[in-house]
Amino acid sequence: MFFSRMLIPTLKENPAEAEAVSHILLFRAGMIRKLASGIYNYLPMGLRVLRKVERIVREEMNRAGAQEVLLPAVQPAELWQETGRWQIYGKELLRFKDRHGRDCCFGPTHEEVITDLVRKEVHSYRQLPLNLYQIQMKFRDEMRPRFGLIRGREFLMKDGYSFHVNEADAEACYQDMYAAYNRIFQRCGLRFKTVEADSGPIGGSFSHEFMVLAETGEDLLASCLACDYAANLEKAEVVPPATASGDAPAGSGPEEVATPDVRTVEEVAGFLNATPAEIIKTLIYETEKGPVAVLLRGDHEVNEVKVKNLLAVMDLTLAGAGRVQELTGGEVGFAGPFGLNLPIYADQAAAAMTTAVTGANKTGYHLVRVNPSRDIVMTQVADLRAITAQDPCPRCGGNIEILRGIEVGHIFKLGLKYSKALKATFLDEAGQEQFIYMGCYGIGVSRIVAAAIEQGHDGQGIVWPLALAPVQVGLVPISLNDQATKDAVFSLHDGLEKAGIEVLLDDRDERPGVKFKDCDLLGIPLRVVIGPKTLAAGQAEVRHRRSGETVMVPLGELLQYLQGCIRHELNEKG
RNA sequence: CGGGACGUGGCGCAGCCUGGUCAGCGCGCCUGCCUUGGGCGCAGGAGGUCCCCGGUUCAAAUCCGGGCGUCCCGACCA
């Protein structure tokens with residue numbers, strides 16, 4: 001591969017519109033270009049990386065017994081109406097009409113299509129189980145695409161669906177996929193964490209997400225330092241407080257105190273000379289089942305997913321200022337659990353407090369010396385807050401650390417949701433008609449490209465894991481005007497290619513400095529420099545991108561040396 | 001969808017407040033010379049509906065109104 005003939009438009013300056021490192025570097029390295037918000041062109045080098053990820057995913061999926069298919073990107077509305085998602089999905093679903101006026105959408109996911117295929121072709125338990133996957137462009141009309149490839153509207157995804165005669169069989173498949181996913185991300189050379197995830201309204205006993213660890217990740221996860229427990233923050237259980245609740249505080253009951261213009265937890269704490277942990281905050285939420293109040297200790301954060309799951313609601317929104325006034329009688333900042341005509345859900349930590357400060361539902365007033373178990377009528381006490389680094393691990397009691405990650409994979413059991421909606425059934429051994437049990441497994445292929453950069457970069461540019469690099473070796477001649485150098489470098493290029501090594505020869509009429517900069521920016525793992533001086537010594541200089549380490553290698557041993565580096569690097573990752 | 005910002009040669013920006021003298025700078029690109037171990041130097045050159053529409057004005061990149069696009073924060077996310 002010759003640099004001079006490739007479309008690799010590298011840039012010296014950062015693009016104004018990019019903020020995330022991966023976005024900036026993909027852009028500067030000439031790997032992607034934006035066509036519209038959240039929609040990108042992949043240029044040759046970017047596409048090569050994407051293909052590398054695809055290839056690893058394919059190999060491991062196939063190895064795990066899955067079969068590749070390719071489903072249509074454009075789907076008819078009828079299927080979505082059958083599952084009811086045509087109505088539910090919202091504006092994220094890109095809808096349009098064909099020339100006949102039929103409603104269509106660009107597929108954001110393919111449960112409908114795959115289930116339709118299977119219901120038509122599978123009728124007997126003898127045909128099951130079946131594990132089908134595809135690697136395909138999806139389109140989700142995100143309200144806010146961001147961070148380049150991390151959250152685009154159009155993105156490449158591997159989505160797989162499995163079909164089973166029963167839940168036990170689905171679970172076995174889930175375990176296979178779990179193992180396959182771990183192999184995939186390992187082979188991609190990523191530092192990642194497998195975490196328990198919220199399975200959402202679809203239910204199912206478990207769900208896992210695969211998170212690439214990066215400071216810039218959009219997701220938070222809790223990970224135990226002592227055992228292997230790790231969970232998405234949305235999911236991580238909080239251990240109930242050890243102190244027994246119900247001890248009445250010494251002295252009298254709730255007392256109203258004037259707290260003019262004191263609204264936030266911090267303000268209340270400061271004003272009453274208390275700590276946030278001695279305050280109960282009352283959040284008023286709107287749901288499709290009506291408004292509710294949620295009680296939390298002042299220093300804790302609500303976990304809305306837990307609240308949603310407890311209430312079994314889809315919509316959960318903090319009430320606006322007007323509604324709060326209407327429902328509590330006080331302005332925002334003075335809501336409390338007394339005299340509310342609402343169901344009250346208390347987090348277990350709030351419920352266990354012995355003496356607390358709450359709002360008085362009257363602007364300018366709070367109540368002190370509140371004992372929740374004695375004074376507050378609580379509809380239900382539950383785990384409703386987000387875990388913190390101060391909480392113990394719910395499994396072993398060890399210390400928890402909170403990490404950031406980028407979700408690159410998600411597996412979960414779908415159960416019968418789609419097979420019931422679409423009537424996908426089979427006849428079992430007894431001739432009984434049964435619904436097919438399903439599983440679902442996704443990988444954000446294009447997102448992995450970006451995630452790898454978020455995790456692998458330095459001041460000079462991208463630092464690819466060898467398995468994902470667009471090419472393995474960058475070959476840089478110091479001067480092409482020197483005939484000996486020119487000859488050496490071209491024959492070396494051919495030799496390496498023949499040996500199956502991916503090499504990019506920088507044959508441009510540029511100064512060495514320019515080539516070094518671009519080589520670093522592109523993140524090519526191994527750089528071979530040939531110049532009159534090294535040539536005279538019968539050697540080549542090999543530089544490792546990640547470590548910056550430079551070694552002189554005799555020309556005769558170069559191929560072997562490079563092969564050794566590549567093999568070592570790839571094998572180490574499984 | 002709420003909040004904030006931006007839109008000027010391919011890219012990054014200045015100019016706008018205080019209308020004219022303003023279309024400019026750096027990078028990139030083209031030609032030539034020179035140079036060749038970390039984005040070199042010199043000389044010459046090409047390239048712009050100043051996002052769009054409308055208004056104010058003798059005069060608009062600049063002021064006003066509307067629209068479109070893009071980015072950032074938030075909400076949202078099988």
Side-chain angles (χ1 to χ4, degrees), chain A residues 9-20 23-24 27-28 30 33-39 80 83-85 88-93 107-115 138-148 150-153 155 157 159-161 197-204 207 209 218-219 232 234 304-305 308 314-318 320 407 410-414 417-418 438-442 444 447 459-461 476-482 485-486 506 508-521 527 529-535 541 543 548 550:
Chain A
T10 58
L11 260 27
K12 280 188 192 175
E13 286 173 294
N14 288 347
E17 63 186 24
E19 195 77 12
H23 191 188
I24 291 172
F27 209 94
R28 278 192 54 202
R33 286 293 184 264
K34 188 182 69 177
L35 180 61
S37 180
I39 300 178
W80 288 73
T83 57
R85 289 211 290 181
I88 297 167
Y89 214 96
K91 284 145 290 175
E92 219 176 288
L93 182 63
T109 177
H110 285 70
E111 283 87 0
E112 278 81 0
V113 174
I114 194 82
T115 309
K138 301 268 195 269
F139 192 93
R140 292 182 193 171
D141 204 352
E142 298 273 352
M143 346 187 158
R144 193 183 153 208
R146 52 181 140 179
F147 309 143
I150 292 181
R151 183 171 293 268
R153 292 195 292 171
F155 56 97
M157 183 171 180
D159 52 324
Y161 309 88
D198 180 64
S199 44
I202 294 165
S207 168
E209 286 169 341
E218 291 184 275
D219 287 286
N232 190 310
E234 293 176 346
E304 296 191 349
V305 173
K308 274 188 191 176
M314 297 288 288
D315 293 327
L316 186 77
T317 344
L318 270 176
E407 181 188 345
H410 195 169
I411 57 177
F412 55 88
K413 293 197 291 185
L414 280 176
K417 180 181 160 110
Y418 294 95
M438 291 174 61
C440 175
Y441 321 95
R447 184 180 275 186
Q460 295 304 306
V476 178
I478 290 302
S479 168
L480 286 167
N481 292 333
D482 179 61
T485 303
K486 189 173 179 180
D506 197 339
R508 294 176 300 170
D509 181 22
E510 291 285 358
R511 297 169 60 83
V514 173
K515 301 183 182 183
F516 294 152
K517 288 286 184 189
D518 276 344
C519 201
D520 287 349
L521 181 60
R527 187 184 76 193
V529 180
I530 304 279
K533 279 176 244 167
T534 65
L535 217 47
E541 176 198 287
R543 187 164 183 272
T550 300

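Order of the sequence lines sets the chain letters (A, B, ...), proteins ahead of strands, with each chain counted from 1.
- To the nearest whole angstrom, the two P atoms, one in B:U36 and one in B:U49, are 41 Å apart.
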At under 4.0 Å between heavy atoms, how does the protein contact nucleotides 37-45 of chain B? Give one character per nucleotide, 5' to 3', with B, S or -.
BBBB-----
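- The separation of B:C30 from B:G20, taken at their P atoms, amounts to 36 Å, rounded to a whole angstrom.
- To the nearest whole angstrom, the two P atoms, one in B:G24 and one in B:G67, are 34 Å apart.
- Rounded to whole Å, the P atom of B:C63 lies 23 Å from the corresponding atom of B:C25.
- Counting any heavy atom pair closer than 4.0 Å across all strands shown, A:Y161 reaches no nucleic acid atom.
- Heavy-atom distances to RNA chain B give each of A:Y89 and A:H23 a nearest nucleotide, and the one nearer the 5′ end belongs to A:H23.
- Pairing of B:U70, defined by two Watson-Crick or G-U wobble distances under 3.5 Å, is identified with B:A5.
- Atom C1' of nucleotide B:C72 and atom CD of A:E17 are separated by 12 Å, given to the nearest angstrom.
- Judged by distance alone with a 3.5 Å cut-off, no donor-acceptor contact links the side chain of A:E13 to the base of B:G28.
- Distance from the side chain of A:S479 is smallest to B:U36 among B:C29, B:C1, B:U36.
- Across the strands present, B:U49 finds no partner; the criterion is a Watson-Crick or G-U wobble pair with both atom distances under 3.5 angstrom.
- Between the C1' atoms of B:U62 and B:C71, the separation comes to 24 Å (whole Å).
- Using a 4.0 Å heavy-atom criterion, one finds that A:E304 contacts the sugar-phosphate atoms exclusively.
- Rounded to a whole angstrom, the distance from the C1' atom of B:C13 to that of B:G48 is 15 Å.
- In this structure, the CG atom of A:D219 is 11 Å from the P atom of B:A78, given to the nearest Å.
- Atoms CH2 (A:W80) and P (B:A78) sit 12 Å apart, rounded to a whole Å.
- Judged as a salt bridge (charged side-chain N to carboxylate O under 4.0 Å, His left out), and not counting sequence neighbours, A:R511 has no contacts.
- Few gaps surround CG on A:D315; more than 12 heavy atoms of other groups in view lie less than 6.0 Å from it.
- Between A:R527 and A:E541 there is a salt bridge, since a side-chain N of the basic residue sits under 4.0 Å from a carboxylate O of the acidic one.
- Considering CZ of A:R85 and CD1 of A:I88, their distance stands at 8.5 Å, rounded to 0.5 Å.
- Atom CZ of residue A:R153 and atom CG of residue A:D141 lie 5.0 Å apart, to the nearest 0.5 angstrom.
- Between B:C73, B:C13, B:A78, one nucleotide has an atom nearer to the side chain of A:C440 than all others, and that is B:A78.
- Distance from the side chain of A:E92 is smallest to B:C77 among B:C77, B:C73, B:U36.
- In this structure, A:E209 has no salt bridge (charged side-chain N to carboxylate O under 4.0 Å, His left out) partners at least two apart in sequence or on a different chain.
- Of the candidate nucleotides B:C72, B:U70, B:A78, B:A78 has the atom nearest to the side chain of A:R85.
- Taking the salt bridge (charged side-chain N to carboxylate O under 4.0 Å, His left out) definition, one finds that A:K308 meets it with nothing, sequence neighbours left out.
- Listed pair A:S37 / B:G69 fails the phosphate criterion, with no side-chain N or O lying under 4.0 Å from OP1 or OP2.
- For B:G32, the paired nucleotide is B:C42, the pair qualifying as Watson-Crick or G-U wobble because both relevant distances are below 3.5 Å.
- When the P atom is compared between B:C29 and B:C64, the two are found 39 Å apart, to the nearest whole Å.
- Taking atom C1' in both B:U56 and B:G65, one finds a spacing of 11 Å when rounded to whole Å.
- Base-pair partner of B:C63: B:G55 (Watson-Crick or G-U wobble, both distances under 3.5 Å).
- Between A:R146 and B:G74 there is a side-chain polar atom (N or O) within less than 4.0 angstrom of OP1 or OP2.
- When rounded to the nearest whole Å, the span between CZ of A:F412 and C1' of B:C77 equals 12 Å.
- Applying the 3.5 Å distance criterion, the base of B:C77 shares a donor-acceptor pair with the side chain of A:R151.
- In this structure A:E142 satisfies the salt bridge (charged side-chain N to carboxylate O under 4.0 Å, His left out) test together with A:R151, sequence neighbours excluded.
- Atom CE in A:M157 sits roughly 7 Å away from atom C1' in B:A78 (whole-Å rounding).
- Contact annotation: side chain of A:D482 to base of B:U36, donor-acceptor pair absent below 3.5 Å.
- For A:H110, there are no ring pair (Phe, Tyr, Trp, His ring centres under 6.0 Å) partners two or more places apart in sequence or in a different chain.
- Taking atom CD of residue A:E19 and atom P of nucleotide B:A5, one finds them 16 Å apart after rounding to whole Å.
- Within 4.0 Å (heavy atoms only), A:K34 reaches sugar-phosphate atoms of the nucleic acid but no base atom.
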